[in-house]
Amino acid sequence: MSASLVGSPILPESIRSRRPTKKTLSLKSMATCVENSRTETPRKPNSSFEADRQDDSLSQFVKFSRPSFSDLLSCSPSKPQTLISQDSETPSPYLDEIWMEIRKQADRDAEEEPVLSGYYHSAILSHDCLESALAFHLGSKLSTPSLPSTTLSEVFLSAFMADQTIRIAIREDLKAVKERDAACISYVQCLLNFKGFLAAQAHRAAHHLWENGRLSLALVIQNRVSETFAVDIHPNAKIGLGFLMDHATGVVIGETAIIGDNVSLLHNVTLGGTGKDSGNRHPKIGDGVLVGAGTCILGNVKIGEGAKIGAGSVVLKEVPAKTTAVGNPARLIGGKDNPVKMTKMPSFTMDHTSWSDYVI
Amino acid sequence: MSASLVGSPILPESIRSRRPTKKTLSLKSMATCVENSRTETPRKPNSSFEADRQDDSLSQFVKFSRPSFSDLLSCSPSKPQTLISQDSETPSPYLDEIWMEIRKQADRDAEEEPVLSGYYHSAILSHDCLESALAFHLGSKLSTPSLPSTTLSEVFLSAFMADQTIRIAIREDLKAVKERDAACISYVQCLLNFKGFLAAQAHRAAHHLWENGRLSLALVIQNRVSETFAVDIHPNAKIGLGFLMDHATGVVIGETAIIGDNVSLLHNVTLGGTGKDSGNRHPKIGDGVLVGAGTCILGNVKIGEGAKIGAGSVVLKEVPAKTTAVGNPARLIGGKDNPVKMTKMPSFTMDHTSWSDYVI
Amino acid sequence: MSASLVGSPILPESIRSRRPTKKTLSLKSMATCVENSRTETPRKPNSSFEADRQDDSLSQFVKFSRPSFSDLLSCSPSKPQTLISQDSETPSPYLDEIWMEIRKQADRDAEEEPVLSGYYHSAILSHDCLESALAFHLGSKLSTPSLPSTTLSEVFLSAFMADQTIRIAIREDLKAVKERDAACISYVQCLLNFKGFLAAQAHRAAHHLWENGRLSLALVIQNRVSETFAVDIHPNAKIGLGFLMDHATGVVIGETAIIGDNVSLLHNVTLGGTGKDSGNRHPKIGDGVLVGAGTCILGNVKIGEGAKIGAGSVVLKEVPAKTTAVGNPARLIGGKDNPVKMTKMPSFTMDHTSWSDYVI
């Protein structure tokens, strides 16, 4: 796989202290999404909203919280492949190779399957950047007669554009699905069809809104994600990069849960609280953890880095790093005093079933 | 929390013999929902439907089974805060304080989050009573291209208006979520965003229809609730007041299940049958029971009052009152002969995890 | 129940070698769906598509891959009850008795429940064959603002019309639900409201597309089924006839899974893979197997014919034919060396709970 926009394949910082670093995405190229449309459909700068958009500087763009989604849809489809910023002829130093590959795959799929050409066009090919396509797709899937898709798409796009960490995470999560899910055949299929990926990105937008005090909007997104994807993640939950929810149906992640980098959850995993009082009451999942299908981890317990929890387990106590816990109640493979330690990251191997004593 | 419309916080009667009692909701104030619109948008009484509506008496109102939903949407938003009945200047003796609080919260949220002001207006602020708002919201969420939201909303509103027990239950369930779910920040968030609450109220309408012989309509609602909320409750199942389904994804409740008052179910709980023959084949859940996530209770077994079932359990046998059962197969904490008895209602404490022997 | 179109109640061949046999459905009568409309709304044969349709021969019809859905909706509703082919006055030798019964039930339900008469008309009564009604219904349920229902309906109808095995399976699955699910009151309720049945038929269409190299279209259907019905079945998975998914929420079936004939899965069953490498990595389920709710079967393991797996089990190893496995980890009832053998097919009895040692 080619090197991507975001540089190193896995960002080392912990999600708990993570802040956007020097690995800057080219926000100016992202701005192209919006800028392009201006050259094609000139609009008069009759509002402070328009005035902001006249300023090409990066900081102004970040403040720009509610672009018109229809602008994006009218972007020239030929531009994003170069991602040249409008105000100079210099190519952006960061080509968004994942997005370029997605467009290439979408072109090929749309040609092979004419029934879907309109779908591919509206979901992928009419967009100038990955964020725009993803925002449109989420808006379309999460809309109801009372919540129009355009409103939702604008909310998602604003959140993605305002938070560089999300833009990095979108690409790291795409790579995680492609590398770890044997059934994933291309980035474009992941972007369009993997509800675990889509639910995670919608959560990242909801988390951004929650952190910025926009609670009711964050909760509406949580609700629509729970209804549409059957994935219920409280907007306060913190989730690291390279996150995979395979199949995803039934996942529940509570308000004070924290999930490290490169974690893989199978479907129907619960990171749940206990008690009716608010406060720190949900699990903390270390980097590289793999949790099997149907497992409940309950309460403010720590799952150490690189640990593996078997399918159908119930975990109410801490699990040490690099160990494997299975069963209801969960026990460590090898025993409590001398548990077997793994040398490989289970979230990468996706090996759920290699304990030999699972009797019939 | 302020005293509510329905008087005592918990109604003592068993669901099995429950009938509407003297704690009457002001049906006349509810009628205001419809009556108001007449003063604003006069329509000629050219049908028996209209003729019914000219009669202001309570009994006529209850018979009035298919109000036009558009009428409700044109209600004056300023009226419901007083809930003065149209035919007298005397204030209704029962102010619907929960609905007034919901409107206040919706006003505040809509002001803080202009992106959602249209959504709050159509879902809450344009309605004259809680039933109207809830019916509209359910209709919007459960609609498909073949099942218009207006049709569904009218069906829900008719059922709510025809059955006082449902109107009491809506408020008791709102209070249950607010009191027991640490993540619930306001009534309006529960009404708009908690799919467990919404699924429960849709079931209450479906149960009303089922009891009145309208089987095919009840089954359509069961289906749409299963698809939209991933909650599958047979319309014949009987469910008490103060019912909480936390997260709710994956809950299955069978045809002959009976659930008492003040029960809390986590997500992915099954109250299932066994065998292919019809008849009484599903669990009976006592008052105050708490069932943890992912638990299956199968067959016509009784879970005693105030019992607690841990997450991931499989229960095929009776569980005595006030005891705790965990595991697959489920065993009693403290042992079969001398099980530990709880003194607090587990559905209120929502404590899922306090058994000390849950080994790692 | 009356004898059906497809002859013997259960087809004996294994799904692994199954090919359409002499039990031919009357493709000419199915063609009537399309032909009828021509007599009513004549269209000029101005395309190769139209030219194909002028040829009444069976082989031409099968090649006909994209009928216009609107044609079907304009079919005369009175014709299908006779299913007389257009080009002769001889009645078709195979009357589609299930479809005739569905129409009769729909007529009765629509009359009893006027609120739903429009719904029954568009979903059932306006169609000339079961495939047309099912395709329309799936298209309506699986559509999004970006994926119009007409597009999806045409895709489903084409797949159904091109693959006789699917047409047989639709009817065998309807019979399986009716016979084994005590809560199923009629075929029409199953067709309209049982999401397990609907998800299975959508999968059969997706599998047909996958086998014909139309991967992206198959994956879009998998995704929409996962979002709408919370049932995630990889389009490559092979599923036999007489398949029942009861309640269905949360079912996950992986890419290389194979399921025999007359299998019953409860909700939340996982037939999952292990590891990140592609290849044969999912379970093989024999004929007549019953799998209880919430059970995970992981890896390329074989579940023998007529075996039963209890609710909440975790199975990583082979289960012999006619035995019962329960628990996490799963063990055989009666012990490994001398397991109790069942004499009845558990998928038919639907008895989930008859093991006596399930302690409390």
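The chains referred to below are lettered A, B, ... by the order of the sequence lines, with proteins before strands, and numbering in each begins at 1.
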Would you confirm whether A:N338, through its side chain, and A:V340, through its main-chain N or O, come within 3.5 Å as a donor-acceptor pair? no
To the nearest 0.5 Å, atom CG of B:D287 lies from atom CG of B:N262 at 6.5 Å
Measure the CZ-CD distance between B:R108 and B:E111 for me, rounded to the nearest 0.5 Å. 10.5 Å
Side chain, backbone, both or neither: which part of B:H247 has a heavy atom under 4.5 Å from chain A? both
Give me the contact list for residues 320-327 of chain A versus chain B, heavy atoms only, anything under 4.5 Å, ordered by residue number. A:A325
If I measure from the heavy atoms of chain A, does B:S143 come under 4.5 Å with its side chain, its backbone, both, or neither? side chain
Please report the interatomic distance CZ(B:F156) to OG(B:S149), rounded to the nearest 0.5 Å. 11.5 Å
From CE (B:M350) to CD (B:E179), nearest 0.5 Å: 12.0 Å
Taking the side chain as every heavy atom from C-beta outward, state whether B:S347 and B:V263 have any pair of such atoms under 4.5 Å apart. no
Where along residues 226-235 of chain A does a heavy atom come under 4.5 Å of chain B, listed by residue number? A:S226, A:E227, A:A230, A:D232, A:H234
Is the shortest distance from a Lys or Arg side-chain nitrogen in A:R214 or B:E112 to a carboxylate oxygen in the other one below 4.0 Å? no
Give, as side chain, backbone, both or neither, the part of B:I185 having an atom under 4.5 angstrom from any heavy atom of chain A. side chain
Please examine the side chains of A:V291 and A:V289, heavy atoms only from C-beta on, and report whether any two atoms are closer than 4.5 Å. yes
Give, as side chain, backbone, both or neither, the part of B:L192 having an atom under 4.5 angstrom from any heavy atom of chain A. backbone
Keeping A:S313 on the side-chain end and A:V315 on the backbone end, is there a donor-acceptor pair under 3.5 Å? no
Measuring from B:Q201:CD to B:H137:NE2, what's the distance to the nearest 0.5 Å? 12.0 Å
Measure A:N268 against the heavy atoms of chain B and call it side chain, backbone, both or neither at under 4.5 Å. side chain
Does a side-chain heavy-atom distance below 4.5 Å link A:M245 with A:K195? no
Part of residues 216-224 of chain A lying next to chain B, heavy-atom separation under 4.5 Å: A:S216, A:L217, A:L219, A:V220, A:N223, A:R224
State, yes or no, whether a side-chain contact exists between A:R281 and A:N300 at a heavy-atom distance under 4.5 Å. no
Please classify the contact of A:V314 with chain B as side chain, backbone, both or neither, using a heavy-atom distance under 4.5 Å. both
Any A:L271 side-chain heavy atom under 4.5 Å of A:V252 side chain: no
Can you tell whether the side chains of B:K175 and B:E172 come within less than 4.0 Å, N to carboxylate O? yes
Which residues in residues 328-336 of chain B have any heavy atom closer than 4.5 Å to a heavy atom of chain A? B:N328
Which is it for B:S264 and B:R180 under the side-chain hydrogen bond (donor to acceptor under 3.5 Å, both in side chains) test, yes or no, and what are the steps along the way? CA-CA 9 Å; B:S264 297; B:R180 298 179 219 160; 2.9 Å; yes
Okay, B:A123 and chain A: the region with an atom under 4.5 Å from a heavy atom over there is neither
Rounded to the nearest 0.5 Å, what separates atom CD1 in A:I297 from atom NE2 in A:H282? 12.5 Å
Should the pair B:K178 and B:Y187 be classed as cation-pi, given the thresholds of under 6.0 Å to the six-membered ring centre and 45° from the axis? yes
Would you call A:L290 and A:L266 a side-chain contact if the rule is heavy atoms closer than 4.5 Å? yes
With a 4.5 Å limit on heavy-atom distance, are the side chains of B:V225 and B:L142 in contact? yes
